[in-house]
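Each remark here refers to the structure printed beneath this line.
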Amino acid sequence: IEAFKVRFQNKVSNSVIKLIVGTMSIFFIFGIGLFFFVDKDMFKTRIFYLQKVEGRLFNAYFRPVGAYSGGEGNFWISESPVYFPFIEKEKYYKHAILWDFRNSKWDGQPIDQDEVVKRYIVEEVIEKEK
């Protein structure tokens with residue numbers, strides 16, 4: 001900050017520096033406060049690989065929940081436009097799903113969770129839109 005003060009002696013530049021430093025301080029304090037108030041289970045959210053079904057892009061998310069929820073976790077599917085994949089629109093949500101997407105085996109048999117997700121996309125999103 002002192003280097004900037006020496007470099008820019010006029011009042012306009014000093015006010016710009018103060019504005020930048022003040023803004024950075026506010027975002028820093030907000031970031032630290034957000035760490036203490038954010039739901040820690042939010043970091044347990046898992047994303048499946050980007051699924052391309054019938055030329056459309058989908059993401060599937062699973063968040064495990066506690067024992068008293070009536071299911072294994074929350075599950076939702078969102079769709080992204082092909083040309084703007086960073087924008088998502090939620091298409092399906094189930095609060096207490098009875099399937100655990102964290103498991104790799106069911107009754108000793110390996111499970112391809114990607115195929116399970118694709119089946120959910122086809123049955124719960126694409127078929128219901130028709």
Side-chain angles (χ1 to χ4, degrees):
I1 293 174
E2 292 301 320
F4 282 114
K5 285 183 181 177
V6 170
R7 173 71 174 95
F8 302 104
Q9 291 297 322
N10 62 14
K11 291 183 179 184
V12 173
S13 296
N14 283 336
S15 64
V16 170
I17 291 172
K18 288 178 184 177
L19 178 68
I20 291 171
V21 170
T23 305
M24 289 173 47
S25 300
I26 290 170
F27 280 114
F28 179 75
I29 291 169
F30 178 72
I32 295 226
L34 187 63
F35 176 77
F36 291 108
F37 294 110
V38 82
D39 181 17
K40 301 301 187 244
D41 287 338
M42 181 177 74
F43 298 113
K44 292 182 182 177
T45 301
R46 290 170 173 71
I47 180 173
F48 294 94
Y49 296 110
L50 181 67
Q51 301 287 333
K52 190 169 187 177
V53 180
E54 295 183 9
R56 297 164 64 182
L57 301 176
F58 295 93
N59 286 317
Y61 298 91
F62 176 73
R63 180 185 305 163
V65 294
Y68 299 111
S69 69
E72 296 292 333
N74 300 327
F75 178 68
W76 64 100
I77 298 170
S78 63
E79 184 176 7
S80 300
V82 176
Y83 297 109
F84 298 105
F86 51 88
I87 299 173
E88 294 183 358
K89 183 177 181 184
E90 187 177 290
K91 294 289 188 168
Y92 173 78
Y93 179 81
K94 178 126 181 164
H95 168 66
I97 195 162
L98 296 175
W99 184 261
D100 192 353
F101 288 95
R102 297 173 294 175
N103 292 338
S104 60
K105 291 186 178 184
W106 176 260
D107 283 340
Q109 300 295 322
I111 300 171
D112 185 8
Q113 296 289 10
D114 290 335
E115 289 300 318
V116 174
V117 169
K118 284 182 183 180
R119 190 184 79 230
Y120 265 102
I121 291 170
V122 169
E123 291 176 2
E124 300 294 338
V125 177
I126 295 174
E127 292 294 324
K128 290 187 178 180
E129 288 179 349
K130 291 182 180 180

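Note that the coordinates shown come from a computational prediction; the quantities given were computed from them, not determined experimentally.
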Find out whether [X] and [Y] are in side-chain contact, i.e. whether some heavy atom of one side chain is under 4.5 Å from a heavy atom of the other.
{"X": "Q51", "Y": "L57", "result": "no"}
{"X": "Q113", "Y": "W99", "result": "yes"}
{"X": "E127", "Y": "V122", "result": "yes"}
{"X": "N59", "Y": "W76", "result": "no"}
{"X": "F62", "Y": "I97", "result": "yes"}

Can you tell which of K89, K52, R56 makes a salt bridge (Lys or Arg N to Asp or Glu O under 4.0 Å) with E79? R56
Does anything in residues 109-119 pair up under salt bridge (charged side-chain N to carboxylate O under 4.0 Å, His left out), and if so which pairs, sequence neighbours excluded? R119-E123
Rounded to the nearest 0.5 Å, what separates atom [atom1] in [X] from atom [atom2] in [Y]?
{"X": "I121", "Y": "S78", "atom1": "CD1", "atom2": "OG", "result": "9.0 Å"}
{"X": "S104", "Y": "I111", "atom1": "OG", "atom2": "CD1", "result": "7.5 Å"}
{"X": "I29", "Y": "M24", "atom1": "CD1", "atom2": "CE", "result": "12.0 Å"}

Pair E72-L98, side chain to side chain contact (heavy atoms under 4.5 Å, CB included): steps then yes or no: CA-CA 5 Å; E72 296 292 333; L98 296 175; 5.7 Å; no
Only counting residues at least two apart or in another chain, list the ones meeting ring pair (Phe, Tyr, Trp, His ring centres under 6.0 Å) with F75. F101, Y120
Any side-chain donor near an acceptor of the partner, Y61 and E88, under 3.5 Å: yes
Over 12 foreign heavy atoms within 6.0 Å of NZ, K91: yes
Which heavy atom of A96 sits nearest to which heavy atom of N74, and what is that distance? N-OD1, 4.5 Å
